Number of protein chains: 4
Amino acid sequence: MASVFSSPQAAGGPRSLAKILDAARAVLSEHGYPALTIEAVAAAAGVGKSTIYRWWPNKEALVADALAEVFRADDIPDLGDTHAELRYAVDMTIDNYANEDIAASLPALAAGLLPHPELMTRFREAFLFRKRENIAVALRRAVGRGDLPDDLDTDLVQDIWAGTILYRRLMTGSSLDADLAEHLVRLVTDTPGRRSGESDRESA
Amino acid sequence: MASVFSSPQAAGGPRSLAKILDAARAVLSEHGYPALTIEAVAAAAGVGKSTIYRWWPNKEALVADALAEVFRADDIPDLGDTHAELRYAVDMTIDNYANEDIAASLPALAAGLLPHPELMTRFREAFLFRKRENIAVALRRAVGRGDLPDDLDTDLVQDIWAGTILYRRLMTGSSLDADLAEHLVRLVTDTPGRRSGESDRESA
Amino acid sequence: MASVFSSPQAAGGPRSLAKILDAARAVLSEHGYPALTIEAVAAAAGVGKSTIYRWWPNKEALVADALAEVFRADDIPDLGDTHAELRYAVDMTIDNYANEDIAASLPALAAGLLPHPELMTRFREAFLFRKRENIAVALRRAVGRGDLPDDLDTDLVQDIWAGTILYRRLMTGSSLDADLAEHLVRLVTDTPGRRSGESDRESA
Amino acid sequence: MASVFSSPQAAGGPRSLAKILDAARAVLSEHGYPALTIEAVAAAAGVGKSTIYRWWPNKEALVADALAEVFRADDIPDLGDTHAELRYAVDMTIDNYANEDIAASLPALAAGLLPHPELMTRFREAFLFRKRENIAVALRRAVGRGDLPDDLDTDLVQDIWAGTILYRRLMTGSSLDADLAEHLVRLVTDTPGRRSGESDRESA
DNA sequence: TACTAACCGAGACGGTACGTCATGTCTTTAG
DNA sequence: CTAAAGACATGACGTACCGTCTCGGTTAGTA
């Protein structure tokens, strides 16, 4: 996931890419997204502004690449244990948003990209698709094992997981701990979300 | 919920407050949060910049007030029907985030406030507390009716609801429809989120 | 001759106009035309760049105004003595170009404007017309007295005077002294430049 | 007069010298001195920037060499006719400055060099000395013939000629035609400039 | 004929200045 | 006595060139 908006890995690519992305994350960590200016990153990286502009068209692209490098989208290992695998998935998601000062910029970035649908699409491809597909594989594995109902809406499950975590991180500021992770896993394993139109309601 | 960061309701308040907040929402609708500049709002409102600065200390405060005016935090009416009441709560939340061009700015605003804990606190008070308390009342009413388990974590329920909605609005762009609302309600009515562990420990 | 390219004398005009023009001349004096950057002038004047750009469209316009303020275009007094009057005119011209560090920028400015005929025209109006007309008045007075031939080409006389002075200042670096002034005056009083040919055709 | 500031004729000299100087003149012709950037010349010449910097220390040096190649400094042929020879000299000078888009850069160059006395000296050596000496030879030949007074100030004559031409080219924009040439020649042949201190004044 | 320089194009690099724009403060003008 | 209008210092934007500096890839010119 090296490059979201640019192709700096191209031949003769930048010699200072790593330095710049490190600096971008450092600025993000220390002063937050609104204080992330290209000039600040250039200064922190000991680099001329034009070196940044040569490789990234704008701030969003730079931040996207900087975040992409630390955004986890692991394959979920086949542990033979559905609960453990789903917990792995939730923990990974928490990791991505708990990452104190870095991934906190992600919603700001997304908000900044909202008015630019084309960039938004590339953003989603960079940050969501791979992670979601990896988690979906684990969910389907669980379905195969009979641990989850086979009409499971894997998208909804992931929206609930990531949404709850993001919301706590961004809006309420409450903690993202093992307890939350366990709740989110159980939410699925105990009463899986069903596809709309399915009618048999269960009672506790 | 007229004023988040300022006290414009004070005696002799501004004659153009409404004009300005309308203009702010108009700019937000038409060009998005990143394009919302004080100058643009002043121009759109036909007002001098200083008139805005007289009443709001900065852009965040202005946006917060503009959004607060349209952010729903209704009392949930006692309908005698738990499912209907919870659906009311979820629909209200969806309304807040679906509101095409306006509430989309809310995450950007939150992200901008993240590095300023004091402002963030006031932001939460303005946008979350009242709505959350109103919904909590309805949830407790349902518990009282025996429709929901009495160890229900009302905070977690609301984080899941609002989080999922926000996440879809901000990150995946997928639809916020009746189907989703129904799923979110059932998630709670079918298998309520329980407090941590099987036991009745409380989470912070 | 306050304003060559702008209209800063307009109502509500700039509060720092004088400060800026002083600073521009100071920079010109100390570091020369090529080192005159808008940022340097802004810094020297203790002024923001935009304050300069508010009133002048570009560097050339600023320099033009700065120079115009010190460029002499006196009325030539009627001294009753042709030689003294012409000497006054030549001395004034020498003053304009000898002015160590300031008027030396004039040729650079002119060269910079050469590719912009419209600006060049305004430049000529600002710097040449008034001075040339004033000197022409004195020359015609001398013709009236019978001290100069009545087919005198006043333009050519002035081109010779100013040209020789400019050339020495710019190209040879040789001195602009009383001796030169005297020579230039005599060049006209002894054998006035005649209009084209021996006859009295006029040149364009 | 191949090289004013550099020594590119040295052993193993540049293979693309001519290409570069041609390109420099082309850029000068098309866009004027202020638009002459090293990068533009390099691009126009199909050459790397470093190739230019290898042979010229800066823009001024490059322009100087480019202009030097087209700056005329002919020996004045002995035509046996003083008027014709002086006219030859004046025409040559007019050629140098009339040269539409090229020699117009000369004053800009000179102005740019003014703050660098050492470069200015080399500039004068490159552009003035040879031409002036050649013209001085012709003037002295005329003195020898008795056509000009033997106290003729050859420097002043040349300053007047070149100055008037330069001034018209740079400042007034008026034409440099045969008429002017004739006037400038007559100015000398009819009443030569005398050395300072000589007192016998002539009347027309 | 092959080696070995110098020389070349290309262009990345750390920088400076550009001219534009928005900030938030301040003063001036007009109703 | 309010608010419009807008001047102002500040500072980031994204662009254009600067002059320095590797990079390979020719070209000569010996050897």
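Computed from a predicted model, the values in this text were never measured in an experiment. Each chain gets a letter, A, B and so on, in the order its sequence line appears, and its residues count up from 1. Below, each value reflects all heavy atoms present in this structure, side chains not excepted, and no hydrogens, waters or symmetry copies.
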Problem set entry | Phosphate OP1/OP2 of E:dC8: any D:Ser16 side-chain N/O under 4.0 Å | yes

Problem set entry | N or O in side chain of C:Trp55 less than 4.0 angstrom from F:dC8 OP1/OP2 | yes

Problem set entry | Atom-to-atom span, CD1 of A:Ile38 to P of F:dT15 - whole angstrom | 11 Å

Exercise. Is there a donor-acceptor pair under 3.5 Å between the side chain of C:Lys59 and the backbone N or O of C:Leu36?
Worked result: yes

For this session: Figure out the CD1/P separation between D:Ile20 and E:dC7, and round it to whole Å.
Result: 13 Å

Seminar exercise, completed: Separation of E:dA12 atom P from A:Trp56 atom CH2, nearest Å, is 13 Å

For this session: Just compare E:dT25, E:dG19, F:dG14 and give me whichever is closest to any side-chain atom of B:Tyr53.
Result: E:dT25

Exercise. Pick the nucleotide of DNA chain F nearest each of C:Val47 and C:Glu39; which residue has the one closer to the 5' end?
Worked result: C:Val47

Problem set entry | Value in whole Å for how far the P atom of E:dG19 lies from CG of C:Leu62 | 11 Å

For this session: Could you go through the side-chain contact (heavy atoms from CB on, under 4.5 Å) check for C:Leu106 and C:Phe123 one step at a time?
Result: CA-CA 10 Å; C:Leu106 214 131; C:Phe123 169 79; 3.7 Å; yes

Exercise. Of A:Leu36 and B:Gly48, whose nearest nucleotide on DNA chain F comes first from the 5' end?
Worked result: B:Gly48

Exercise. With a 4.5 Å heavy-atom cut-off, do B:Val47 and B:Val41 have their side chains touching?
Worked result: no

Exercise. In whole angstrom, what separates C:Lys59's NZ from E:dC18's P?
Worked result: 6 Å

For this session: Could you tell me whether the side chain of A:Phe127 reaches within less than 4.5 Å of the side chain of A:Leu67, counting heavy atoms only?
Result: yes

For this session: For F:dC8, take OP1 and OP2 only and decide whether either is under 4.0 Å from a side-chain N or O of C:Thr51.
Result: no

Problem set entry | Side-chain N or O of B:Lys49 closer than 4.0 Å to phosphate OP1/OP2 of F:dC8 | no

For this session: Kindly say whether C:Arg25 contributes a backbone atom to a donor-acceptor pair with the side chain of C:Ser29 at under 3.5 angstrom?
Result: yes

Exercise. In whole angstroms, how far is the P atom of E:dA22 from the NE2 atom of B:His31?
Worked result: 12 Å

Problem set entry | Length of the line joining B:Ile52:CD1 and F:dT2:P, which is rounded to integer Å | 18 Å

Seminar exercise, completed: Per nearest nucleotide of DNA chain E, the residue lying toward the 5' end, A:Ser50 or D:Arg54, is D:Arg54

